[in-house]
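Residue numbering restarts at 1 for every chain, and letters A, B, ... go by the order of the sequence lines.
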Amino acid sequence: MENYRKYLDPRTLAKLQGLELRARSIVEGYVTGAHKSPFHGFSVEFAEHREYVPGDDLRYVDWKAFGKTDRVYLKQYEEETNLVCYLLLDVSESMTYQSDDAPLSKLDYARCVAASLTYLVLQQQDGVGLTTFDREVRALIRPSTHPTHLKQLLHAMEIKPSAAKTSMGPIFHDLAERYKKRGVVVVLSDLFDDVGSLMAGLKHFRHRRHEVILMHVLDPAELDFPFRNMTLFKGLEGLPEQLVDPPSLRKAYLAEFEAFTKAVRQGCYARNIDYLQLRTDQPLDLALSKYLAARMNRVK
Amino acid sequence: MPELMTAPLFCFVANPMILGWLAAASAPLIIHLLNRRKYREAPWAAMQYLLAAIKKNSRRVQLEQWLLLALRTLLILCAVAAAAEPGFRGAEQLVASGERVHRVIVVDGSFSMNYRPTGERSYFEQAQALAERIIENGREGDGFSVVVLGTPSKTVVGPPLFRKEEVRTIVAELRQPHGAGSVTQCLNELDRLLTKAREQHPQIRRRTVYFITDLGKQTWEPADAAHGVDAVAEFQARCERWGADTAVSLIDVGATDGDNAAVVSLEASEPYAVVGLPTTLKAVVHNFGRQSRSRVPLSLLLDGRKVEEQLVDLEAGGETTVVFEYPSQHPPRTPGSSIYEVELGPDRLEIDNHRYLALVTKPNLRVLVLREPILTDEEEYGLDNLTTALKLRPGADVSGPSPVVVDVESDEVLQRRELTDYDCVFLVDVKRLTPSGAKILASYVREGGGLVTWLGPRTDPADFNKQLADGADRILPAKLGPIVAEPQYKLNPLKYEHPLVAEFRGSDQGNLLNTPVYRYYRLDLKDRPQTRRVLEFLNEAKDPFIVSETIGVGRSLLVTTVPQASWTTMPLSPGFLPIVQELLSYASGGRAARGSRLVGEPLTGDFRRTTASAQVSVLPPTSADDAPNETIAPSPQASGTGVAKSSSKRATTTATAEIVPAGDFFRWSFADTQRSGIYTVNITAATDSVQRYAVNVDPRESALVKLPPNRVTSLPWATVPLHYATDLQDFAEPAQQYVASGESNPIHRWFLLAALAAALGETLLAGRAGRSRA
């Protein structure tokens, strides 16, 4: 049990090259370690049996029914019961921040999480799509259940981040209109944007009957503000630089940041949105387990 | 407290050099500015939240930073100020500095310090100048005490004085005493002084004792050393006992051994002069130097008027006896008191060139002879011989009335006659005395009367031993033993050391030593260390013939036989007359000897209680007698040892003697006899009287032998650091060892508390600003 966890540590994953390898390590490691399949129950919805006719895909033959009845039946699934997962990945400049003590930048961490989810969803033959954005949508890949879809998504995730400021509200409104089929929307972002606008966008997803999971990716330095010496903080996304004596402002900063996260958390709660805060120094299986647990609750 | 009201209050700091560290107060500001220039750069994603925090808290953060800066600066300022030990001057009661020093200046006052090595200032004047420099070099807040080393040593300033000017004036006005010095006695005085100063000023924890001395051997290594008292070792032991916080400075102002001659003795042949009788006056001059001196003038002054001068040759290291002719050629014509002064030609130590003698001239001498009322022929004959011998005063005109009046009475007369009218009482073969008579006689002797007791067949030894030879009121020099009936024909003069027989030395023309004695009393001299043998029999038992003891002021003599034919035939001997006269002279000299004292010895006297109020005033030596007041300077015209003399008149104030009742008398005493010369005593009672006393220097101090300094410096000084200096120009303050100060200066303490408060405030504020959680 303990052996696999070391592969899920962000520091270990940071040494692995390529998102696919990282995603495979996360998911297989998690599954192997858990010895329990998390896939059934929410990814495929069984409808009925029908008799086999030549030309049918033998993968869907119900061999147990054949054993009992000596007749070949195929398991019939309802198409609309298939899950569609929409991954929204923030690739703005603020996501590139990586403090000294963090093994991965927020973007890298979010990419790992997104890749893992992609791999997981495709493994259960559900559809998964990806949208990367900053101030505007940078890439939009429609959901697909084909296994080869994985490489396309991973390639899209590797997009170079821009220096543009995040502006999630309008983008979410736009995407909510674009996502026709009801599904699960997973947002991976540091949410450094106007909370009101953000919540309006998310509300739009909920309006379209999407399940929304908000994964709030943060660097430990942003949560703890551990600086001691005089520091010139250089703002990202066009914000100014500021020379600060950190100890004298730590308390005030933390209060501001707590107010921000609290507003987000309360907004999510009010809109029945799953909120997950992810620290980039935490093991990545935590993100997966939280996601899966959330889904389990939803389908009960 | 009125001094506090008038005294100006000035700030001072004990360690001004530390104030340089005040510049360190700028360190927090410099560090702050440097910190602003030295910073790291970091990208920051959550900038909007940091900016919001800055916007809301910038004023508070700025205020906290300024407060922190101020507290850190204050911390340094207070710490530096505390280390500088600030204080006040002008108000001693408020002064309290951990580094203050109690400086005790001991000036050697032995009269050898009057020596002028090269015609310049005397050692004593050099010591005064040095003491003034020590005071001047002392810091504000230091306390000063002044002690003059002498016999006895005198504490001029005991409790520390803090006003430099006042102490300096006191030192400048010091007058050199004329006595000898005793280091041991001075150490006792210093012990008391230091103990008291510690109690009164516990905040002054450091002390320095300065001994300014010529290291005269008589002062530092007196003859007492032969009896096991090593003054130098005692000096070191006592200084070590004072502890490590007491430094000792030995400042040697004495040069090498100096040449000096002194008049060491001036005596009259009799304790009293008698009207019409010539007096022999004899002076002894001692040349303590290594060079002989010839034709040195030696003058005799009578009541301040020079009456005779002789030129004497003084052999190096030798004594010269000079007999003056004037007193023998000019017998006194009226009763009274005469002051004789002998003055030796000047040299570099002037004080001991003078010697004084106060000689009382009486109209006659009065002797009371007590005997049994009824006498046998033999006894009558012996008594006649004795009274005749008493009346035959040498030099008197035998055809005229005797200058010695002899009253022969029985002991009953003691009850009704005033004994003080008599110079001497002779007890001749008296059987016993009544208790009251014994008491009167004891009182008479103690107050200066003379007593000569002849023991004979009627004497009751048991009664004499009980009433006269035992107890606190005893007046006999020995207890009486059995009668010895073994004829003795030879007497031992015991080297003529007793003054009574000193005149017989070298020419026993009276054949005194061959006096036949057939019966005598054996004496018990056990536990009588004060009793001196005058003559003893030349037998195996060495039985005393005559013994003496000074009882109180008076003198008591005991002759172990009586001039009766069956006891001794000494009245037939030519030596009888002189021995009787010597017995009278010596016994009656007790009261007269009180008129001559050495410097430091108290003057005492009695007068009858005839009135309830009485006053005794004492006029110390006036400037005319006051040789030390004379300033000696080299005369441009004089050659050799010639010096010119100029007198500086100095006002002499009258002092009052202490008076205590003593029976029917008042007894007065005057202790401050630190200078040689004539002291005039005025007794204001029912009948006023004036008495004059001669106070002379102790000639032992005249030998200018110096103690080698290494006798002191080579000792292992373990606890107390000893600083030795020889030259006035090279004199520097002794290095003081650091003594941790447990007692804090109040000002110092306030600064320390302020620094502590600043440190505490800084910690709290820095914690509040978030540094403690950073």
- What is the distance from atom CG of B:L68 to atom OG of A:S248, rounded to the nearest 0.5 Å? 9.5 Å
- Item | Note, A:D245 side chain near B:V61 side chain (heavy atom, < 4.5 Å) | no
- Item | Toward chain B, the part of A:A221 with a non-hydrogen atom under 4.5 Å | both
- With a 4.5 angstrom heavy-atom cut-off, which part of A:E241 approaches chain B: side chain, backbone, both or neither? backbone
- Output every pair passing salt bridge (charged side-chain N to carboxylate O under 4.0 Å, His left out) with a member in residues 256-270 of chain A, not counting sequence neighbours, ordered by first then second residue. A:E256-B:K56
- Item | Pairs flagged by side-chain hydrogen bond (donor to acceptor under 3.5 Å, both in side chains) wherever residues 212-222 of chain A is involved - sequence neighbours left out | A:S99-A:D219, A:K106-A:E222, A:H216-A:Y275
- Message: Measuring from atom CG of A:L232 to atom OH of B:Y39, what distance do you get when rounded to the nearest 0.5 angstrom?
- Response: 5.0 Å
- Pair count under 4.5 Å, heavy atoms only, with chain B: among A:D100, A:T231, A:T96, highest is A:T231
- Message: Non-hydrogen contacts under 4.5 angstrom with chain A: give the residues of residues 45-52 of chain B involved, or none if there are none.
- Response: B:A45, B:A46, B:M47, B:Q48, B:Y49, B:L50, B:L51, B:A52
- Query: Roughly how far, to the nearest 0.5 Å, is CG of A:L239 from CH2 of B:W44?
  - Reply: 12.5 Å
- Message: Which atoms of A:Y97 are under 4.5 Å from chain B, going by heavy atoms: the side chain, the backbone, both sets, or neither?
- Response: side chain
- Message: A:Y86: which residues meet the ring-ring contact (aromatic ring centres under 6.0 Å, His included) condition with it, sequence neighbours left out?
- Response: A:Y179, A:H210
- Task: Please round to the nearest 0.5 Å and tell me the distance separating atom CZ of B:R40 and atom CG of A:N229.
- Result: 8.0 Å
- Message: Check this for me: A:E136, atom CD, are more than 12 non-hydrogen atoms of other residues, nucleotides or ligands nearer than 6.0 Å?
- Response: yes
